[in-house]
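Heads up: the structure comes next, in structure tokens.
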Amino acid sequence: MREPMARILITSALPYINGIKHLGNLVGSLLPSDAYARYMRLRGHDVMHICATDEHGTPAELAAAKAGKPVEQFCADMFETQKALGEGFRLSFDHFGRSSGPRNHALTQHFAGKLFEAGLIEEVMEKQVYSNTDGRYLPDRYIEGTCPNCGSENARGDQCENCTKQLDPTDLINPRSAISGSTDLEVRETKHLYLRQSKLRDRLRDWINTKTDWPILTTSIAKKWLDDGDGLQDRGITRDLDWGIPVKKGDADWPGMEGKVFYVWFDAPIEYIAATAEWADAHGKPDADWRRWWREDEGADDVKYVQFMAKDNVPFHTLSFPVTIMGSGEPWKLVDHLKAFNWLTYEGGKFSTSSQRGIFMDQALDLLPSDYWRWWLLSNAPESSDSDFTWSAFQSGCNKDLNDVLGNFVSRVTKFCRSKFGEVVPSGGTPGEEEAALIAELDTRLAAYGAAMEAIEVRKAAAELRGIWVAGNEYLQRAAPWAAFKTDPDQAAMVIRTALNLMALYATVSKPFIPDASAAISESLDWDGEWPASAAEALNALPEGHKFTVPENLFRKIDDNEREAWDAKFSGTSAT
RNA sequence: GGCGAGGUAGCUCAGCUGGUUAGAGCGCACGACUCAUAAUCGUGAGGUCGAGAGUUCAAGUCUCUCUCUCGCCA
């Protein structure tokens, strides 16, 4: 029984351009959105899965300077790197775009113009610190100096980390640039645009209150920002930078804002939309084809929009971006379901880019194929609380689940069949009670697996999938075709035929988690299936006489020596 | 300091709106099997659910206090 086809728009939080992402970033958004997208496609739904690099802002400029490249070149190169790594992890985006692309320029300027028309943008003169040596305005956190409160010499312009007092950059004694160390600073007056989020506070609250099915993590963060202290604050959405989207009202210039760009957090979420437009451009499709995903007046009224992100992104997705959408007065699609993840820690501490602590996407793929990482990370995703990556857990998880349970199942079934019946689905025998029991268990587990995926409960789904794999070994153990073969070859043939069909089922249902292994099983069976209507149907998928080949071992074990070597290699520079 | 999230078997974690002997995986012990990648399957031992108090016929599950851990503070 097929469900009616749904249209599902899925976005993953945009990885920032300043460097290669670590496993925490991977599991905090990219991987779960991919598993969800793959599952929904598998169920026959119409899926648009979108991601992009988030390229603007001071950290990008600094990373470029550190790399000795012009920022545009740096971003172009890093985009290619991140795109390739995404492909390495088999992230199945329909499009992986760039927030610096022309589509996002146009859309961001369009939204700004609409927000201005709606009276939601205000021009504000403010004082900013300019560094003559660096030739740039310095964001608060890039100004350091002596704390007027506690005397610490490493206070930042936004806060003293020593005494935690909130500061303004002008409070600092002997301020200096955190970039160059220069003390040649001056305060300049500069005009900026503020998004009047506070005016939409009630609408936002009403809207969030309708999201009763959202995780507590999500709504509690949003409500905190809405109601804490003075409530939702207006927010500066422009910056004095070169690299970014020039401030305009739609196509028109914005008097007094020449040379300024939009703040990265204003333009980044709009890239979700722009990247969908980039998708259409890349495939030579008309605008109507992407707008039907985003404009409720142009076909998106039946779209379900699901966003994936780590918890630090929640305020921007529950408040800032919805302000942009609602405030525009145009019927753009708002998020329907928002899935936020906690942090993945590394051996009990933080992943750290600066001290190279933890594992980064490129390094991970150098060690093992993507399926190992996908499986372990997804089956241990930090959903309800932070979760911890440890090498020993990773080793035992991969070895047990992938190698011993799934890989060995495929191996024992195909090799037994080859030695007794040849590389062909054997005929003969009649299914009995064991098969009925197997079907009953599979139906239960498939339903549970599907329900968990629908609810985006990734860990639970992984556990059910694993249970489906285990059911195969349990069945083989009970049915014992090696024993039956001696007295009743037809019975053994029926059992092995059932087991080969189980393999085919595994190839299908495992796709969201381990697409490469799924493909390898499919290839060895010369068969690719859709989500089964029932377990009974699934176990009759392969025709008798159908040829297959015994595959190479799907997985290998991670041995103790490797684990110890990797543990040492990635423990970071600090000896904690 | 403020805020947030947590402290459940050796380890990593599930436990919804309070209700039979608190669950899973791994690890461990014992047993079975021998088709398979020394893989698999079964059985079992492990927890006064951070501490204390309260509400209730009934609390891991609600309230308060304390304590410890982690994170965030634009």
Open item on the list: Wobble G-U and Watson-Crick pairs count when both distances are under 3.5 Å; given that, what is the 5' to 3' dot-bracket string of RNA chain B, with | for pairing to other strands?
Closed with: (((((((..((((.....[...)))).(((((.......))))).....(((((..]....)))))))))))).
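- When the options Leu378(A), Asp401(A), Leu402(A) are evaluated for a side chain to side chain contact (heavy atoms under 4.5 Å, CB included) with Ile514(A), the one that passes is Leu402(A).
- Residue contacts for Asp388(A): at a heavy-atom cut-off of 4.0 Å it reaches the sugar-phosphate backbone alone, with no base atom in range.
- The aromatic rings of Tyr372(A) and Phe555(A) lie perpendicular to each other, with more than 60° between the two planes, well past the 30° mark.
- Relative orientation of the Trp376(A) and Phe394(A) rings is perpendicular, given thresholds of 30° and 60° on the angle between their planes.
- Per the geometry, NZ belonging to Lys460(A) stands 9 Å off C1' belonging to rC16(B), to the nearest Å.
- Contact check on Glu544(A) versus Arg497(A) returns a salt bridge, with a Lys/Arg side-chain nitrogen under 4.0 Å from an Asp/Glu carboxylate oxygen.
- Ring-plane geometry between Phe360(A) and His22(A) is classed as perpendicular, the angle between the planes exceeding 60 degrees on a 0 to 90 degree scale with a lower cut at 30.
- As judged by a 4.0 angstrom heavy-atom cut-off over every strand, Ser379(A) is placed among residues making no nucleic acid contact.
- Below 30°, between 30° and 60°, or above 60°: for Tyr506(A) and Phe409(A) the angle between ring planes is between 30° and 60°, a tilted geometry.
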Task: Per-nucleotide protein contact string for nucleotides 36-47 of chain B (B base, S sugar-phosphate only, - none; heavy atom under 4.0 Å) - done: BB-SBSS-----
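- In terms of position along RNA chain B, the nucleotide closest to Lys420(A) lies nearer the 5' end than the nucleotide closest to the other residue of the pair Phe316(A) and Lys420(A).
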